[in-house]
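Beneath this line is the structure, given in C-alpha cells, with notes to follow.
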Amino acid sequence: MHNRLLEPIEIGPRRLRNRIFISAHVPGFADQGAPGKRYISYHRQRAAAGVAMQITGGTAVHRSGLLTTAPSALVNLDDTIIPGYQSLSDAVQGEGGTMLAQLAHSAGTLSAELLGQPSWAPSPVRSALTGNVPHEMSSAEILEIIDAFVAASGRVRAGGLDGIELLSAFGFLPHAFLSPLNNRRTDGYGGSLKNRMRFLLELVEACRPAIGEDRILGIRIPGSDMTPGGLEISDMQAVAQALENTGQVDYLNVIAYNNSLRFGRALHWPATPAGHELFTELSAQIKAVVSLPVLVAGRITHPDQAEAVIASGQADMVAMTRAHITDPEIVRKITEGRADDIRPCVGANTCIRARFQGRPVRCMHNPYVISRNTDHSPSSSNDLPPVTVVGAGPAGLEAALTAAQRGHSVRLLERSGEYGGQLRLWCRVESQKELAAVIDWRVRQLDKLGVHPEFNQTVTADQLLNIDDGIIVMATGAEAVADAIPGDGSVVQTTPVELLNDPGLFTGRALIRDQGRGLSALVAAEALAAQGSNVIVVTDEPAVGLDLDLTVRVPAYDRLLNSGVEFLPNHTVAAFEDGAVKLQHVFTGQETVLPSIDVLVDDHIMRPCDDLMKALAGSDRIVRSVGDCVAPRTVEAAIHEAAQAIAQLTPA
Ligand SMILES: Cc1cc2nc3c(=O)[nH]c(=O)nc-3n(C[C@H](O)[C@H](O)[C@H](O)COP(=O)(O)O)c2cc1C
Ligand code: SF4
C-alpha cells in the first residue's frame with residue numbers, strides 16, 4: 001500500500017496531488033538553451049503519468065556561473081527563454097502537474113576552461129575536482145548576481161511556471177557562501193555562519209517579490225558537506241531555521257556533499273551498489289527543527305522505500321528522479337496497483353554519464369526515455385507475423401518483450417539453461433547484484449504476456465527456417481576470447497566471462513589486463529579479491545577503468561583499493577615464463593617482472609557469435625540481428641537496438 005505517498009500536500013500557495021517529485025535534472029533536451037518540443041514532451045509525459053512536481057535542470061542566471069556551454073541545457077540569461085517556459089508550463093499544468101525552474105550559479109565548481117570564461121565565487125578557492133580557481137566576487141558583483149537571480153525569477157513568472165527552486169547545494173553559489181570550505185571572505189559575507197548565510201538570505205528576500213506570493217519558492221540545501229571542516233548538520237539546521245524565519249520560503253529540499261571537493265560530485269548521485277534513501281537521516285534532522293515541508297532525494301527507487309520515508313516522517317516529499325528516467329509511469333503504476341510493473345532504476349548511471357558528455361539523457365534499460373512507453377502501445381494491426389528470438393540475453397529479452405507488447409506471438413529460444421547472458425554472470429559479483437533487475441523485470445513482463453523461454457535449445461539455420469514463416473531475431477551475443485600472449489603455459493590464462501562463471505576455479509595471485517577501459521576488469525578483480533586472491537589490475541592507459549564516469553569510478557576504486565587490489569597503469573603485458581609476467585612501461589619501455597602470477601585474466605576481447613546470423617544471410621525471411629552478435633557493445637546498446645529493431649518492423 002502506498003497511501004501516504006499518494007496523499008496531497010500544500011507547498012506554499014499550491015496543493016500538490018501526491019508526495020512524489022522529480023528533482024532538478026538536466027535532461028539535455030533543450031533547444032538553444034530554451035525548452036523546445038522534446039524538452040516539453042519529456043516533462044509532459046511524466047506529468048501525465050501523475051508525478052506531482054517537476055523541477056527543470058539547474059539553469060544559469062549569469063554568465064559567470066554557467067553550468068555548461070551546450071545549447072541542450074537551459075539558460076535563463078534573457079527573455080528568449082520565456083516562450084519556452086510558457087509552452088512548458090502549459091504542457092505540465094495541462095496534465096495536472098506543477099513545474100518549477102531551478103535557478104543556479106555554478107560558482108567555481110566547474111571547469112573554467114570548459115565554460116570559456118572565469119567563474120565568480122565568494123573566494124578564490126581552487127576546486128579540488130576541476131582545478132578551477134574562481135574570481136573573488138566584489139560587493140558590486142554580489143549585487144549584480146542577486147539582480148540576475150531576480151531578473152531570472154521574473155522570467156519564470158512571465159513564463160507561467162509554478163515557481164523557482166534556488167540551488168544552494170553542490171557548492172553552487174549560495175552554498176559556496178555558506179560553506180567554510182569555499183568561503184574565506186573577511187567582509188560581511190564571510191567568517192561567522194551568520195555572515196556566511198547573508199548572501200542566501202538576501203537572495204531569498206530579493207527573489208520573492210520577483211516570483212510573487214502566488215508561486216512556490218523552494219531552496220535546495222545540503223544537510224552536510226560530508227567533509228571535515230565543512231558544513232555540518234547543526235550548521236544546516238541553523239540555516240534552515242533562518243530560511244524559515246524569512247517567511248519567504250515554501251520548502252527545503254535536502255541533499256548532501258559539495259561538488260568543489262575531490263569526490264563530492266561523485267557521491268551525491270552514486271551508482272549501484274550505493275544504498276537507497278541516502279540522505280533521509282539528514283532530511284529528518286532538518287525536519288526536526290522547521291515546520292516547512294522538507295523534501296529529499298537520493299536513490300529512492302521503489303515506491304515502498306518512498307512510502308516508508310513519508311510514513312516515518314523523514315521527509316514530506318520524495319524525489320524519484322533517476323527512477324522516473326527509467327520509468328516515467330511510476331505514479332500511474334502505483335495508483336493502478338501495478339508497482340510490480342515499474343521498470344526498476346538499477347543505478348547504472350548511464351543517465352549521468354550522458355549528462356557529463358553533454359548529450360541527451362539516456363537510460364541503460366529504458367529505450368523510451370522521451371518517447372511513448374511501449375507498455376501501452378500494442379500495434380493497431382491484428383495480422384502480425386510470429387517472431388522467433390534466438391538468445392535470451394538482454395537484447396533477446398528486450399526484442400521478445402517489445403514484440404510481445406506489440407502483439408506478436410513470440411518464441412524465445414535460449415542455448416543455455418538461464419536467462420540474461422553475460423549480464424547474469426556479471427550480477428553474481430556483490431557490487432553488481434542490483435543489475436539483475438534488468439533481466440528479472442523483463443522476465444516478469446514476458447511471463448505476464450505468456451512468453452516463456454525454451455531453454456537448452458541449440459538451433460541450426462535450417463531448423464530456424466522451418467519453425468514458421470515469421471520474423472527471426474538473432475540475439476546470440478558474443479563470447480570472450482583470451483588474447484595471445486607469448487608464454488610457456490606456466491600461467492593460467494582466462495577471460496572475465498570464464499572467471500565469473502566459476503571464480504573458485506582460479507586461485508592464487510592474479511593479474512588482470514584491463515583493455516576494455518570500463519568496469520569488466522574491475523568486476524573480475526572484485527570477484528577474485530572476494531575469495532581472498534591477491535589481485536593486480538594492469539592497463540596500458542594512464543588509469544584503470546579510464547572511460548568510467550566519476551560516479552562509477554570513484555566508488556569502484558574505493559571498493560577495490562580498500563580490499564587490497566593493486567592498480568598498475570601505463571604498462572603492457574609482454575610475455576610470461578615460469579610463473580612470472582613481464583610488463584613493459586608504455587612510455588619508457590622499462591621492463592618490470594611480476595613474479596608468482598597464477599592467473600592472467602584478459603579483459604574484453606569479445607568475438608560476436610554470428611555463425612547463425614551469417615548462415616541466414618541469404619534466406620528470404622525477415623531476419624534482424626541485435627546486440628553483441630552484431631558487434632560486442634554495452635548492455636544499453638543491446639537493449640536499445642533490440643527495441644528499435646522490433647518497433648521498426650511493426651506498424652504502430
Ligand atoms: C542527468 C541528471 C542531471 C542532473 N542535474 C541536476 C541539476 O541540474 N540540478 C540539481 O540540483 N540536481 C541535478 N541532478 C541531481 C538530481 O536532482 C538528484 O539529486 C539525483 O539524481 C539523486 O536523486 P535520484 O537518486 O532520485 O536520482 C541531476 C541528476 C541527473 C540524473
Ligand atoms: S541509467 Fe541506470 S541509474 Fe540512470 S535512470 Fe537508467 S537505470 Fe537508473
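All ligand and atom numbering here is 1-based and tracks the order in the structure. Model, not experiment: these values are computed from the prediction.
Contact residues of ligand 2 (protein heavy atom closer than 4.0 angstrom to a ligand atom; sorted by chain and number): Arg322, Ile325, Thr326, Cys345, Val346, Gly347, Ala348, Asn349, Thr350, Cys351, Cys363, Met364.
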Could you give the N/O to N/O pairs under 3.5 Å linking ligand 1 and the protein, each with its distance?
{"from": "ligand 1", "atom 1": "5 (N)", "to": "Val26", "atom 2": "N", "distance (Å)": "3.3"}
{"from": "ligand 1", "atom 1": "8 (O)", "to": "Gly58", "atom 2": "N", "distance (Å)": "2.8"}
{"from": "ligand 1", "atom 1": "9 (N)", "to": "Gln102", "atom 2": "OE1", "distance (Å)": "2.8"}
{"from": "ligand 1", "atom 1": "11 (O)", "to": "Gln102", "atom 2": "OE1", "distance (Å)": "3.4"}
{"from": "ligand 1", "atom 1": "11 (O)", "to": "Gln102", "atom 2": "NE2", "distance (Å)": "2.9"}
{"from": "ligand 1", "atom 1": "11 (O)", "to": "Arg220", "atom 2": "NH1", "distance (Å)": "2.8"}
{"from": "ligand 1", "atom 1": "12 (N)", "to": "Ala24", "atom 2": "O", "distance (Å)": "3.0"}
{"from": "ligand 1", "atom 1": "12 (N)", "to": "Arg220", "atom 2": "NH1", "distance (Å)": "3.1"}
{"from": "ligand 1", "atom 1": "14 (N)", "to": "Ala24", "atom 2": "O", "distance (Å)": "3.1"}
{"from": "ligand 1", "atom 1": "17 (O)", "to": "Ser23", "atom 2": "OG", "distance (Å)": "2.7"}
{"from": "ligand 1", "atom 1": "17 (O)", "to": "Ala24", "atom 2": "O", "distance (Å)": "2.6"}
{"from": "ligand 1", "atom 1": "17 (O)", "to": "Arg220", "atom 2": "NH1", "distance (Å)": "2.9"}
{"from": "ligand 1", "atom 1": "19 (O)", "to": "Arg220", "atom 2": "NH1", "distance (Å)": "3.4"}
{"from": "ligand 1", "atom 1": "19 (O)", "to": "Arg220", "atom 2": "NH2", "distance (Å)": "2.8"}
{"from": "ligand 1", "atom 1": "25 (O)", "to": "Arg299", "atom 2": "N", "distance (Å)": "2.7"}
{"from": "ligand 1", "atom 1": "25 (O)", "to": "Arg322", "atom 2": "NE", "distance (Å)": "3.4"}
{"from": "ligand 1", "atom 1": "25 (O)", "to": "Arg322", "atom 2": "NH2", "distance (Å)": "2.8"}
{"from": "ligand 1", "atom 1": "26 (O)", "to": "Thr321", "atom 2": "N", "distance (Å)": "2.9"}
{"from": "ligand 1", "atom 1": "27 (O)", "to": "Arg322", "atom 2": "N", "distance (Å)": "2.9"}
{"from": "ligand 1", "atom 1": "27 (O)", "to": "Arg322", "atom 2": "NE", "distance (Å)": "2.8"}

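The backbone N or O of Glu307 lies less than 3.5 Å from no partner atom in the side chain of His2, so there is not a single donor-acceptor pair. Looking at Arg196, its side chain does come within 3.5 Å of a backbone N or O of Leu178 through a donor-acceptor pair. At distances below 3.5 Å, not a single donor-acceptor pair connects side-chain atoms of His268 with backbone N or O atoms of Ala256.
In Glu232, the CD atom is not crowded: 12 or fewer heavy atoms of neighbouring residues, nucleotides or ligands sit closer than 6.0 Å.
With respect to Asp327, the side-chain hydrogen bond (donor to acceptor under 3.5 Å, both in side chains) criterion is satisfied by exactly one of Arg332, Arg343, Lys333: Lys333. Under the salt bridge (charged side-chain N to carboxylate O under 4.0 Å, His left out) test applied with Asp250, the options Arg208, Arg14, Arg215 reduce to a single match, Arg208.
At a threshold of 4.0 Å, the pair Arg633-Glu641 counts as salt-bridged, since one of the basic side-chain nitrogens sits closer than that to a carboxylate oxygen. Ion pairing of Asp440 with Arg424 is present here, as a side-chain N (NZ or NE/NH1/NH2) and a carboxylate O approach within less than 4.0 Å.
Between Trp120 and His62, the ring planes are tilted. Angles from 30° to 60° get that label.
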